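Fair warning: this is a prediction, and the values are worked out from it, not measured in the lab. Every chain is numbered from 1 and lettered A, B, ... according to where its sequence line falls, protein lines coming before strand lines.
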Protein chains: 2
Amino acid sequence: MRYHKIPDETVRRLPIYLRGLMLSATRGREHISSQSLADFVGVNSWQIRKDFSYFGDFGTPGVGYNIEGLAKQIKKILRLDVVRKAALVGVGDLGSALLAYPGFRTYGLDIVAAFDVDAEKIGSAVSGVEIENITRIATLQERGISLGIVAVPHTAGQFIADKLVEAGVRGILNFAPCKIDAPRRVKIITLDIAMELARLPYYMPAG
Amino acid sequence: MRYHKIPDETVRRLPIYLRGLMLSATRGREHISSQSLADFVGVNSWQIRKDFSYFGDFGTPGVGYNIEGLAKQIKKILRLDVVRKAALVGVGDLGSALLAYPGFRTYGLDIVAAFDVDAEKIGSAVSGVEIENITRIATLQERGISLGIVAVPHTAGQFIADKLVEAGVRGILNFAPCKIDAPRRVKIITLDIAMELARLPYYMPAG
DNA sequence: CCATGTGAAGGTATTCACAGCC
DNA sequence: GGCTGTGAATACCTTCACATGG
């Protein structure tokens, strides 16, 4: 079933599969069954097959999936096959951790610029990235940066997001604990760490 | 419809509502309509009413919801009405940022212990929390700590999780990019930052 | 014989529309 | 009149069972 809208939930799981495949690739085997991948990433095998079925025939019946080929396919679908430049705004504790985080590179995402309001930080470098005045966010477009990461206090979230949108970014990963409004053409993903932790006690047995 | 299983998706949204209500509380008004709250947090008004309907009659027709009362109710449902002690494992860049993050306190979550393997870090303090040797994770139970936060490399994720489970924690917030297996009685929430960023390009128009 | 790919069934969550209440 | 609470309708996602293909 090749021509079909891909469910959002499937898109959410693709990076999980990709991570599992990239790890498997270092294990020496060339093929992997949906069942093995399932055990490895913690998703049911039929769910995996269904997810893959939205894109086309990835696997070989009786054999499984070609690990390298499948990983490449998923990268292409997620558009991770080109290196994409990202800008970070807000170089506080979290921002600094994000700059130091090597995980983004794995997915072709490269933080090449960082901005802050703090005059003391501006000019210095964190993890090899120079911190610039936020007024320079306006230069993003000409520098080919299409992705913004917001790690500022919630009071500044919307303001910074507006600046990023003006500067032409088409996607924002928002760590600020607030709602962000933006034109439909800009995709926003909000990731509020405290809120994830906040729903943990609900699932914990008494105590 | 008071006696009903609460959908997971509703539980996921409750902290969003809570955050909005706590912010609204500082605005001086006593009541808020589902519509106003909807505008504020970015969820549809009917979704909000439906979510609340799983718990009981929170609102007053023609008036709206009592902000303070509703916030208290949600806190109770999420079991955030008691202060809960948490332990952090892995005081790297991300771990340090989490220790410095004030957002957890808002939800009654208090990071009172931190562990690392690095001998140089052990004994020093980060954000007022002393860093201990990970062998001391075993003392969590007697210290009344029921919640673990894992911020270690993916190679150590499962190992640390096992230690935490042994030490009696009943919930784990996992930042390590790996699957964590644990007994059913322990709730695991995994939050892989790179993976969230990885699905952003998919939704970005060409470029 | 083994593992994929997929219609069909089943379950869950969202959206709608409106009755009921203040 | 305004706003809540909720059955019903719809859309979406998951699970199953098996036909199909190497």
Using a strict cut-off of less than 4.0 Å between a Lys/Arg side-chain nitrogen and an Asp/Glu carboxylate oxygen, indicate whether Asp81(A) and Lys75(A) qualify as a salt bridge. no
dA17(D) P sits how many Å from Arg49(A) CZ, rounded? 13 Å
Please check if the side chain of Ser36(A) supplies one atom and the backbone of Ile32(A) the other of a donor-acceptor pair under 3.5 Å. no
Selection: residues 61-71 of chain A, any non-hydrogen atom under 4.0 Å of DNA chain D: Pro61(A), Gly62(A)
Please report the interatomic distance CD1(Ile189(A)) to CD1(Ile180(A)), rounded to the nearest 0.5 Å. 13.0 Å
Do Asp192(B) and Arg19(A) meet the salt-bridge criterion of a basic N to acidic O distance under 4.0 Å? yes
Could you go through residues 91-107 of chain B and list every donor-acceptor pair under 3.5 Å that involves a side-chain atom there, pairing it with any protein atom two or more places apart or in another chain?
| residue | atom | partner | partner atom | Å |
| --- | --- | --- | --- | --- |
| Ser96(B) | OG | Gly92(B) | O | 2.7 |
| Arg105(B) | NE | Asp110(B) | OD1 | 2.9 |
| Arg105(B) | NH2 | Asp110(B) | OD1 | 2.6 |
| Thr106(B) | OG1 | Gly103(B) | O | 3.1 |

To the side chain of Pro7(B), which of dA13(C), dT6(D), dC13(D) is closest? dA13(C)
So which nucleotide from dT14(D), dC13(D), dT14(C) ends up closest to the side chain of Tyr54(A)? dT14(D)
Tell me the stems DNA chain D sits in, counting at least three consecutive Watson-Crick or G-U wobble pairs, each under 3.5 Å on both distances. C:1-22 with D:1-22
Length of the NZ-P vector between Lys50(A) and dA8(C), whole Å: 11 Å
Provide, to the nearest angstrom, the distance between the CD atom belonging to Gln47(A) and the P atom belonging to dC12(D). 16 Å
Length of the NZ-C1' vector between Lys5(B) and dG11(C), whole Å: 11 Å
In whole angstroms, how far is the P atom of dT15(D) from the CD1 atom of Ile48(A)? 12 Å
Rounded to the nearest 0.5 Å, what separation is found between the CE atom of Met204(B) and the CG atom of Leu147(A)? 4.5 Å
Selection: residues 21-46 of chain A, any non-hydrogen atom under 4.0 Å of DNA chain D: Asn44(A), Trp46(A)
From Arg84(A) atom CZ to Ile111(A) atom CD1, the distance as rounded to the nearest 0.5 Å: 14.5 Å
Identify whether any heavy atom of Phe52(B) sits under 4.0 Å from a base atom; if not, whether one sits that close to sugar-phosphate; answer base, sugar-phosphate or nothing. nothing
Counting only side-chain nitrogens and oxygens, does Arg13(A) get under 4.0 Å of the OP1 or OP2 atom of dT14(D)? yes
So does Asp8(B) get a backbone contact from the side chain of Arg199(A), meaning a donor-acceptor N/O pair under 3.5 Å? no
Can you give me every donor-acceptor pair (side chain of residues 60-68 of chain A, partner residue at least two apart or in another chain, under 3.5 Å) with its distance?
| residue | atom | partner | partner atom | Å |
| --- | --- | --- | --- | --- |
| Asn66(A) | OD1 | Glu68(A) | N | 3.2 |
| Asn66(A) | OD1 | Gly69(A) | N | 2.7 |

At what distance, to the nearest 0.5 angstrom, does CD1 of Ile149(B) lie from CG of Leu197(A)? 5.0 Å
Output the single nucleotide from dT14(D), dG5(C), dT6(D) whose closest atom is nearest the side chain of Asp57(B). dT6(D)
Between Glu9(B) (CD) and dT14(D) (C1'), how many Å, whole number? 13 Å
What pairs with Glu9(B) under side chain to side chain donor-acceptor pair (under 3.5 Å), at least two apart in sequence or on another chain? Arg12(B)
Measure the distance from CZ on Phe58(A) to C1' on dG22(D) and round it to the nearest whole Å. 19 Å
Sub-3.5 Å donor-acceptor pair from the side chain of Ser24(A) to the main-chain atoms of Gly20(A), do we have one? yes
Nearest whole Å is fine: how far is dT14(C) C1' from Asp51(B) CG? 10 Å
